[in-house]
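Notes for the one structure printed next.
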Amino acid sequence: MDKLFDISGRIILVTGSSQGIGLSIARGFARNGAKVILNGRDPEKLQKVVCELKGEGYDVMGYAFDVTNQTMVIKTVDIIEQEVGPIGVLVNNAGIHRRAPFESLSLSDWQMVMDTNLTSAFIVSQAVARYMIKRRQGKIINITSLNAEAARPTIANYCSAKGGLKMLTKSLATELGKYNIQANAIGPGYIETELTAVLAADPEFDSWVKKEVPLGRWGKTEDLIGAAIFLASPASDYVNGHTLYVDGGWQASL
Ligand code: NAP
């Protein structure tokens, strides 16, 4: 059988995977034979999904930590490397929204989104890359957004962080390529999760999405799994610094 998309046995850490896109990607990896480490801040919520996935027969475990806390991240990555094994793939997925009109956006909401959506990827990637560099092998996948390319009102913090994450992806690709580490990104369009629930509940926004997206619908979290498997597998060994948009064709149309 062709092993091009084979991720079985790979140890994969997905940050922010106790719900939404991260959980779907984690489940997709596990279903395809990877050993998946789930993460979130809330240990109880995390434990619940880990039990759920174990009940489905998957090889998963959970490590609760805050991706913005460098000390905690370094300590936990060390523990994972010792307790579980070599992290072969890292998915920087944890992200939040703090929406407000630009003129009233607080510095704390700006900073919180920057820390969670951008600085965290620097912190976790650095902690994991130190091990990947020694092994001369690894893959880093950052979850950016359509908002890395196009802005919307009330999310200047989010757009700036995601634009930065796109460039961090290129920087990692440029600097770590010599160690046989590939860094790429997935840019989801509008996907139905808790993060976008307030938008999906707004009939005007909902019909705007359905009108603008050539495929005529919101994305489902499962729509991201194929791209994640591609970027985690040998099939993408010469793909480096790229953002793969999974947006129903939004960016392709005016
Ligand atoms: P979500 O449903 O709100 O889930 C966010 C996850 O991140 C949760 O598991 C949460 O768990 C975790 N998290 C948040 N802050 C964290 C922190 N500091 N440390 C560790 N974990 C943390 O969000 P989603 O919609 O699945 O989004 C996932 C990613 O996709 C985000 O980066 C988002 O920007 C991106 N994205 C989403 C969409 C969309 O339409 N939904 C579109 C484009 C991009 P805890 O609360 O327990 O920490």
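Both ligands and their constituent atoms are indexed starting at 1 by order of listing.
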Distance-only, no hydrogens or angles: does the S120 side chain make a donor-acceptor pair with backbone N or O of T68 under 3.5 Å?
no

Hey, is ligand 1 close enough to I96 that some N/O pair sits below 3.5 Å?
no

Under a 4.0 angstrom heavy-atom cut-off, which atoms of ligand 1 come close to N93?
28 (C), 29 (C), 30 (O), 31 (C), 32 (O)

So, is T116 polar-close to ligand 1, with some N/O to N/O distance under 3.5 Å?
no

So, the side chain of N180 versus the backbone of Q137: is there a donor-acceptor pair under 3.5 Å, distance only?
no

Here the atoms of ligand 1 under 4.0 Å from any heavy atom belonging to G95 are 5 (C), 31 (C), 32 (O)

With heavy atoms only and a cut-off of under 4.0 Å, state how F65 meets ligand 1: side chain, backbone, both or neither.
backbone

Per-residue contact class, E192 against ligand 1 - non-hydrogen pairs under 4.0 Å
neither

Please check whether N117 reaches ligand 1 - meaning an N/O of the residue sits under 3.5 Å from an N/O of the ligand, judged on distance alone.
no

Name all pairs fulfilling the salt bridge (charged side-chain N to carboxylate O under 4.0 Å, His left out) condition that reach into residues 162-179, sequence neighbours left out, sorted by first residue then second.
E149-K166

Please list, in number order, the atoms of ligand 1 under 4.0 Å from a heavy atom of D42.
47 (O)

Report the part of T144 in contact with ligand 1, treating N, CA, C, O as backbone and CB onward as side chain, heavy atoms under 4.0 Å; options are side chain, backbone, both, neither.
backbone

Contact with ligand 1 for G189, non-hydrogen, under 4.0 angstrom
yes

With a cut-off of 4.0 Å, which atoms of ligand 1 are near a heavy atom of D66?
17 (C), 18 (N), 19 (N)

Could you list the atoms of ligand 1 found under 4.0 angstrom from a heavy atom of N39?
20 (C), 21 (N)

Please verify whether a non-hydrogen atom of H97 lies at under 4.0 Å from ligand 1.
no

Tell me whether L146 has any N or O atom under 3.5 angstrom from an N or O of ligand 1.
no

Just by modelled atom types, is the A100 backbone N or O under 3.5 Å from a matching donor or acceptor in the T154 side chain?
no

Side-chain heavy atoms under 4.5 angstrom apart, residues restricted to Ile, Leu, Val, Met, Phe, Trp, Tyr: same cluster for F122 and M112?
no

Which one of I141, L13, I186, I21 satisfies the side chain to side chain contact (heavy atoms under 4.5 Å, CB included) criterion with N93?
I21

If you take the nearest heavy atom of each of G40, P188, G16, which one is closest to atom 43 (C) of ligand 1?
P188

Which atoms from ligand 1 have a heavy atom of Y190 less than 4.0 Å away?
40 (O)

Under 4.0 Å from one or more heavy atoms of T196, ligand 1 contributes atoms 39 (C), 40 (O), 41 (N)

Which atoms of ligand 1 sit under 4.0 Å from any heavy atom of G20?
2 (O), 26 (O)

Can you name the side chain to side chain contact (heavy atoms under 4.5 Å, CB included) partners of I225, sequence neighbours left out?
S24, R31, E222, I229

Would you check whether S145 has a nitrogen or oxygen atom less than 3.5 angstrom from a nitrogen or oxygen atom of ligand 1?
no

Mind checking whether W218 has a heavy atom under 4.0 Å from ligand 1?
no

Compute the shortest N/O to N/O distance between T68 and ligand 1 and return yes if it is under 3.5 Å, no if not.
no

